[in-house]
Chemist: 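Sharing a structure here in structure tokens format.
Not measured: the values here are computed from a predicted model. Quick note: numbers below take in every heavy atom, side chains included, and nothing from hydrogens, waters or symmetry partners.
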Amino acid sequence: MNSDEMKGKWNQLKGSAKSQWGKLTDDDLTQVEGDRDKLVGKIQEKYGVAREEAEKQVNDWDTAA
């Protein structure tokens, strides 16, 4: 899904994202606002992973969503 689609569906995707990354708070997900780069950044911050790993996780999640 592209960035515009993610932003448009973000309210529906928040629950799935929270299930996938339990360390992300509701405030984190509100700040992300469906922005893929912001989501990658939050995952890096909360889980201490490299950008490449966070991007891979988002891509895997996005494919399954």
Chemist: Does a salt bridge link Lys9 with Glu5, judged by any charged N lying under 4.0 Å from a carboxylate O?
Modeler: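 A salt bridge is absent here (no side-chain N lies under 4.0 Å from a carboxylate O).
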Chemist: Rounded to the nearest 0.5 Å, what's the gap from CD on Glu55 to CD1 on Ile43? Could you check?
Modeler: 10.0 Å
Chemist: Between Met1 and Leu13, does a side-chain contact (heavy atoms from CB on, under 4.5 Å) hold up when you go through it step by step?
Modeler: CA-CA 12 Å; Met1 144 181 4; Leu13 294 172; 3.9 Å; yes
Chemist: Determine the minimum heavy-atom distance between Met6 and Arg36, stating which atoms define it.
Modeler: CE-NH1, 3.4 Å
Chemist: Checking side-chain contact (heavy atoms from CB on, under 4.5 Å) against Val32, which of Lys42, Lys7, Lys14 comes through?
Modeler: Lys42
Chemist: Please report the shortest heavy-atom distance between Leu39 and Leu24, naming the atom on each side.
Modeler: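 Shortest heavy-atom contact: CD1-CD1, 3.9 Å.
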Chemist: If you take all heavy atoms of Ala17 and Trp10, which pair is closest and at what distance?
Modeler: CB-CH2, 4.2 Å
Chemist: Between Lys23 and Asp28 (salt bridge meaning N to carboxylate O under 4.0 Å), is one present in this structure?
Modeler: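 So Lys23 does not pair with Asp28 through a salt bridge.
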Chemist: Any ion pair linking Lys38 and Glu33 (charged N to carboxylate O, less than 4.0 Å)?
Modeler: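 So Glu33 pairs with Lys38 through a salt bridge.
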Chemist: Please report the closest heavy-atom contact between Trp61 and Ser16, naming both atoms and the distance.
Modeler: NE1-OG, 2.8 Å
Chemist: Is there side-chain contact between Trp21 and Val58, with at least one heavy-atom pair below 4.5 Å?
Modeler: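 Of all side-chain heavy-atom pairs linking Val58 with Trp21, at least one is under 4.5 Å.
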Chemist: Determine the minimum heavy-atom distance between Gln44 and Ala50, stating which atoms define it.
Modeler: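 Scanning both residues, the minimum pair turns out to be NE2-C, 4.0 Å.
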Chemist: Testing Lys56, Arg51, Gln57 for side-chain hydrogen bond (donor to acceptor under 3.5 Å, both in side chains) with Glu53, which one passes?
Modeler: Gln57
